[in-house]
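Structure first, then comments.
Here is the naming used below: chain letters follow the sequence lines, and residue numbers restart at 1 for every chain. The model shown is predicted, which means the values in this text are computed figures rather than measured ones.
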Amino acid sequence: MAKKLLLIDGNSVAFRAFFALHNQLDRFVNADGLHTNAIYGFNTMLDHMIKAVEPTDMLVAFDAGKTTFRTAMFDNYKGGRAKTPSEFSEQMPYIEQLLDAYGIQHYKLKDYEADDIIGTLAGQADAAGYTTTVVTGDRDLTQLTTDHTTVAVTVKGVSEVERYTPAHVQEKLGITATQIIDMKGLTGDTSDNYPGVTKVGEKTALKLLKQYGSVEGVYENVADMKQSKMKEHLIEDHDLAVRAKVLATIKRDAPITVGLADLAYAGPNIDQLAEFYQTMDFQSFLKKLKVNNAEPVAPIDYTVLTKENLPELAQFKTAVEFYLEMPTANYHTSAFAGFAIGHAGKWYISRDVELLLQPAVAEMLASDTIKKNVFDMKRTIVGLNRLGLSLGTVDFDLLLVSYLLDTNDNSNDLGNLAEQHGYTELPTDEEVYGKGVKRAIPDDDKLFFSHLARKLAAIAALHAELMQKLDENEQTPLYDDIEKPMARVLAQMEIAGITVDSGTLQAMGSQFKERLSEIEQKIYQEAGQEFNINSPKQLGKILFEDMKLPVIKKTKTGYSTAVDVLEKLAPEAPIVANILQYRQISKIQSTYVVGLLDAIHSSDQKVHTRYLQTLTQTGRLSSVDPNLQNIPVRLEEGRKIRQAFVPSHAGWQIFSSDYSQIELRVLAHITHDANLQAAFKEGDDIHAATAMRIFNLKSPEEVTPNIRRQAKAVNFGIVYGISDYGLSQNIGITRKQAKAFIDAYFKEYPGVKQYMTDIVKQAHEQGYVETISHRRRYLPDIHAKSFNQRSFAERTAMNTPIQGSAADIIKIAMIKMQAKLKAAGLKATMLLQVHDELIFEAPKEEISTLEKLVPSVMDSAVKLEVPLKVESHFGDTWYDAK
DNA sequence: CCAGTCACG
DNA sequence: ACGTACGTGACTGGC
């Protein structure tokens, strides 16, 4: 049998695992007080790689200690590194225990690093005809890539890896694997603390290597290079480059005392592993171990509900768990598969949803004194509504609470979510119902009913614990006063739906169809051949190979044909303008004409979107099936789609109100910046005000449209967590100019600058950031070693409180709005939310009332240090409400 | 099922 | 030196 070898860089992967689960450091502690996050993450990676590779042989290599032959030759090698956290070091011996239980060889060698052990064994394995996979968190090991050795570098967390093959290295860097060593030779390595040639970074190094092949090649030719700073640096730093290359080179001949023959992997010792998991308190791994050994979760008792035993439900007086099973995601149309009601370990189950209509059940559901504990109350409300039923007071919604505790736990599967909270007695829907085309509700009553009973049991088991966590996080008001009422408001909006006139869409569709075929013909003519314009691959070939247009940008897979690229090319060839036109219309046609027509319910001529309340990382909503939050508006062509959105009654109109500059107002509020606040209090045009400040203009007349546009981009940039490069790309200026703009901005708005510094610091110390309503977002990457990942987390830290607080504000406004409409006895109905905008339909007579009421509710939703401003519009269609 | 593209705030 | 704007969803082509 073909030999498949899996080599793992133990220290590096463990370290990755440690930081991947760093924000949950407190959760991963066993009964002995030992931190276990790195052990847990390491195990996850191990399972994942064993499954992916199916190795016949395995070894995990560890570093032996601080001193190696590399420190002997350069005593500052890996110097200046932050001290290894003790929470991490204490876990290492247990990772070795884990490997023993798994029956996996592990090895360390004095004076050598794990890399060298791996390099040596991988070399031997290549020679012996093995297929080898190396797993590491360290990109340096990609130099080991060969035709038979793949290097898998962990990218995010521990179970996602990027696989380096010779082709991938070539594609990504444009050099061979062994040239990676030369690259390090030229650039040095800051994380290992050795320098290369001054001012030579990856870009320069790649250029040099493509021309001269290696460090030696570079120096053979250095004399002939034309005079430049780089040449001087190269000559100056020759010794450094030579040393860096040696330091970067992984040994292929380390004096190891294990050989390929010692590495056979035969699978874990189940008993030993179970005992280890027990000590570590790894419930989910224990469960998996049992599942893999065909031992199912513990059987569960339940009662099949019938008309006869219905009276027994009366024993539940104060609270019930309730679950309504709808097998497909879209609960507006899904079938009903069954339901479950219960309390304190007594579970009543039925497939027959008609039973819910029995007064005993219907009243219990509608009751406000018998509190309901559920998973996804919005889904439940909409489902019950289709049966003519209502859902009274909800106490605990496992989905909502999990989302508030950690926005990353946004799985829509109860089993999955329960497991994330350490509850392992509930399989996932996928495990019970299957996936893809095979997904189906089981015919077997026992299987299906047990699953529903277990769902209730999971809700019950997690109730108290999660509510307490919510409280500890000071998030109870966020849950009680915002998210729970929000779910009801959203349910009502989804149920109401918005009427879409299919005639209007169809008429637009046939027009677009004609125009598309005209443009298509022109494009074929200009290209001299027919091809699929919608295929970026084919289009790229036509433009950049056949027509030889200049390549502006590349993607991972080929030439980029994105708008910004095509716009630059437009002057070069008339075909480009036609392609842009084609793209624009074909987008409108496929997504908004055809897509929207497909989404209209034939029963009422309406579209009923679903708002996902537990998805975004910031607290915003998202909208699916169809997405009504991205209906075109910027270009007139697409904006016309809005003419198809009409009121559901004759004599009604569409009314819309939106917050003006809500994110910048939130910024002014949370930064307390006096200058920014003054601008809003004066009612200034904020972009013009920013322009006057950062460009040092004396009078408003000096603010030209172009200057205002640039200032607007700066304002946006600030909200997004600014970088000079991002700003320069956005408005087409040099990075230097962009930096000058940003510096000027921070000088004029010192409060904003202070906030940006403070919030990043806070994210570092706490591991998360918060909105004005204590909505929380964890940012594990804030500790990442990679500049890229860390920078991203820092920008997120700056942006999330702003975007998230704006989301909080409009949610509060929506809840108040709904109540006001009801209290005032208005027929007006709230239909849509588009992040900073609310859309209603209302009888014409109510419009003048709404013009006062809606803005007053919205601008008083919360009290900020600056006023909130709201603008309203109305008309016969959504298009006309402008 | 992923990548590219493009629609929105 | 690093390589970027923040948050989403739908459609298409191509593996």
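- For residues 616-635 of chain A, there are no ring pair (Phe, Tyr, Trp, His ring centres under 6.0 Å) pairs, not counting sequence neighbours.
- Applying a 4.0 Å cut-off to non-hydrogen atoms, the residues of residues 716-726 of chain A that approach DNA chain C are A:Gly717, A:Tyr720, A:Ser723, A:Tyr725, listed by residue number.
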(request) Determine, step by step, whether A:Glu871 and A:Lys869 satisfy the salt bridge (charged side-chain N to carboxylate O under 4.0 Å, His left out) criterion, reporting the C-alpha distance in whole Å, the side-chain angles of both residues, the deciding distance to 0.1 Å, and the verdict. (result) CA-CA 7 Å; A:Glu871 289 169 353; A:Lys869 190 177 160 199; 3.7 Å; yes
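- At the heavy-atom level, A:Glu837 lies nowhere under 4.0 Å from the strands shown.
- Between A:Met493 and A:Leu831, the closest side-chain pair of non-hydrogen atoms is not below 4.5 Å.
- Side-chain contact annotation: A:Asn578 with A:Glu520, donor-acceptor N/O pair under 3.5 Å absent.
- Annotation: proximity of residues 664-671 of chain A to DNA chain B (heavy atom, distance under 4.0 Å) is found for no residue.
- The side-chain contact (heavy atoms from CB on, under 4.5 Å) check on A:Lys553 picks up A:Ser560, A:Asp564, A:Val565, with sequence neighbours excluded.
- Every residue two or more places apart in sequence or in another chain that forms a side-chain contact (heavy atoms from CB on, under 4.5 Å) with A:Lys199 is listed here: A:His233.
- Side-chain contact, A:Ser791 with A:Asn788: no donor N or O sits under 3.5 Å from an acceptor N or O.
- Within residues 551-560 of chain A, the residues approaching DNA chain B are A:Thr555, A:Lys556, A:Thr557, A:Ser560, by heavy-atom distance under 4.0 Å.
- For A:Ser623, the side-chain contact (heavy atoms from CB on, under 4.5 Å) partners at least two apart in sequence or on another chain are A:Thr609, A:Tyr611, A:Asn627, A:Leu628, A:Gln629.
- Note on A:Asp836: only backbone sugar-phosphate atoms sit closer than 4.0 angstrom, heavy atoms only; bases stay farther off.
- Between A:Glu637 and A:Lys587 no salt bridge is recorded (no basic side-chain N to carboxylate O distance below 4.0 Å).
- Residue-level contact check: A:Thr561 touches the backbone only, with heavy atoms under 4.0 Å from sugar-phosphate atoms and none from bases.
- Among the atoms of the strands shown, only primed sugar atoms or phosphate atoms (P, OP1, OP2) are found under 4.0 Å from some heavy atom of A:Leu615.
- Using a 4.5 Å heavy-atom cutoff, the side chains of A:Asn715 and A:Lys712 are not in contact.
- Judged as a side-chain contact (heavy atoms from CB on, under 4.5 Å), and not counting sequence neighbours, the contacts of A:Thr618 are A:Thr616, A:Arg620, A:Arg777, A:Thr800, A:Gln803.
- Using modelled atom types, one finds a donor on one side chain and an acceptor on the other under 3.5 Å when comparing A:Ser872 with A:Ser657.
- Along DNA chain C, the nucleotide nearest to A:Asp598 and the one nearest to A:Phe792 differ in position, and the one closer to the 5' end is contacted by A:Phe792.
- Checking A:Ser590 against A:Lys199, the closest nucleotide of DNA chain C that is more toward the 5' end is the one next to A:Lys199.
- Using atom P as the reference point in both C:dG3 and B:dC6, the two lie 25 Å apart (nearest Å).
- Relative to the six-membered ring of A:Tyr768, A:Arg776 meets both conditions, a distance below 6.0 Å and an angle of at most 45° to the axis.
- Contact check for A:Leu566 versus A:Arg583: side-chain heavy atoms found under the 4.5 Å cut-off.
- In the model, A:Thr407 has a side-chain atom that pairs as donor or acceptor with a side-chain atom of A:Gln617 under 3.5 Å.
- With salt bridges taken as basic N to acidic carboxylate O contacts below 4.0 Å, none links A:Arg790 and A:Asp781.
- Residues A:Gln710 and A:Val714 are not in side-chain contact: their nearest non-hydrogen atoms beyond the backbone lie 4.5 Å or more apart.
- With a cutoff of under 4.0 Å to any heavy atom of chain A, the contacted region of DNA chain B is bounded 5' to 3' by B:dA3 to B:dG9.
- Nucleotides of DNA chain C that come within less than 4.0 Å of any heavy atom of chain A span, from the 5' end to the 3' end, C:dA1 to C:dC15.
- For DNA chain C, if you chain together Watson-Crick or G-U pairs that step i with j, i+1 with j-1 and so on, the runs of at least three with distances under 3.5 Å are B:1-9 with C:6-14.
- Contact annotation for A:Val563: backbone-only contact, meaning every heavy-atom pair under 4.0 Å involves sugar-phosphate atoms and none involves a base.
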Return all side-chain donor-acceptor pairs below 3.5 angstrom for residues 716-727 of chain A, not counting sequence neighbours, or 'none' if the list is empty.
{"unit_1": "A:Ser723", "atom_1": "OG", "unit_2": "A:Gly726", "atom_2": "N", "d": "3.0"}

